[in-house]
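Structure record follows, encoded as structure tokens.
Indexing begins at 1, ligand by ligand and atom by atom, following the structure's order.
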Amino acid sequence: MQIHSSIPDLRAALRNCGRIVFVPTMGNLHAGHIALMTQAQALGDTVVASLFVNRLQFGPNEDFDKYPRTFAEDCEKLEAAGVAVLFAPGENELYPEVQQYQVDPPDIQNQLEGEFRPGHFRGVATVVLKLFNIVQPQVAVFGKKDYQQLMVLRNMTRQLALPIEIVGGDTVRADDGLALSSRNGYLTATERAEAPRLYRVLSDIRSAVRGGEQDFAKLEQTAVVQLDTHGWQTDYVAVRQQSDLQVPQAGNNSLVVLAASRLGIPRLIDNIEI
Ligand code: PAF
């Protein structure tokens, strides 16, 4: 695997690489990331991953400084997964000056995750557009675990007419249902045993909706109570339309249920399509 930290070196390395499939990451890779790399192999000629902990998408009280950085282990995993090229820029390479030009997503950036993480999606969209301009892939793969992120990036790509196909990768779960996440490493043993409840309450909502329940507000409220009586502090549980993450219109059956809740220090997010 080639590793490049400079933009000109990366661009030179990517000449004549055929159809490039790009998988951006912030590192601390787990089986969920590796599944995206495997999926990427089948979509083109050259898989390019990036590893960059993007300061712009972290709020002032979030875990930017503490975010786990495991570069050597990540490189081993990417190499084993058949990634051809890794772009791992330092901050001075990607942000050599204050990034004053930024991508401002529409109002969805203030809902769900955005309500609790102001500015997060602006930071994500900005770095991803910049990475797209550097790598110039034909395809990019993002995990469905960050469902709202995938939707924002898909819509950005379409509205800005970027010649890139956006592909979603299924969430990888532990045997007990917990979605794999870099932030699971923050859980204590007791919290780890409790954590699969998030997936269970989402699964219960899916079963209820499939069984004909239409009172989404009641389902959401019941889920919040179930979580919070077991020590969680829930930000939201929400049934939304898959296409735009708005409140479901009558007759729309392509739904997704999304949740974010804090268990001790870590804040976990998850979702299930219905
Ligand atoms: O999902 C992530 O890891 C990040 O938000 C991304 C897409 C790499 C942008 O920094």
**Subset of ligand 1 atoms that lie under 4.0 Å from at least one heavy atom of Thr25** = 8 (C)
**Prompt:** What residue and heavy atom of the protein are closest to atom 9 (C) of ligand 1, and at what distance?
**Reply:** Gln57 OE1, 3.3 Å
**Asked** Would Glu165 and Arg19 pass as an ion pair if we require N to O under 4.0 Å?
**Response** yes
**Message:** One thing to verify: whether Glu273 and Arg206 come together as a salt bridge, which I'm taking to mean a side-chain N less than 4.0 angstrom from a carboxylate O.
**Reply:** no
**Request:** Enumerate the atoms of ligand 1 whose separation from the nearest heavy atom of Gln149 is less than 4.0 angstrom.
**Result:** 1 (O), 2 (C), 4 (C), 5 (O), 7 (C)
**Request:** Enumerate the atoms of ligand 1 whose separation from the nearest heavy atom of Pro24 is less than 4.0 angstrom.
**Result:** 8 (C)
**Request:** Can you sort out which atoms of ligand 1 are near Val127, meaning under 4.0 Å from one of its heavy atoms?
**Result:** 9 (C), 10 (O)
**Flag, side chain of Thr157 to backbone of Ile164, donor-acceptor distance under 3.5 Å** = no
**Item:** N-O pairing of Arg183 and Asp63 below 4.0 Å
**Value:** yes
**Asked** Would Arg11 count as a cation-pi partner of Phe87, with NZ or CZ less than 6.0 Å from the six-membered ring centre and within 45° of the ring normal?
**Response** no
**Fill in**
Checking heavy atoms under 4.0 Å, the part of Leu153 that sits near ligand 1 is neither
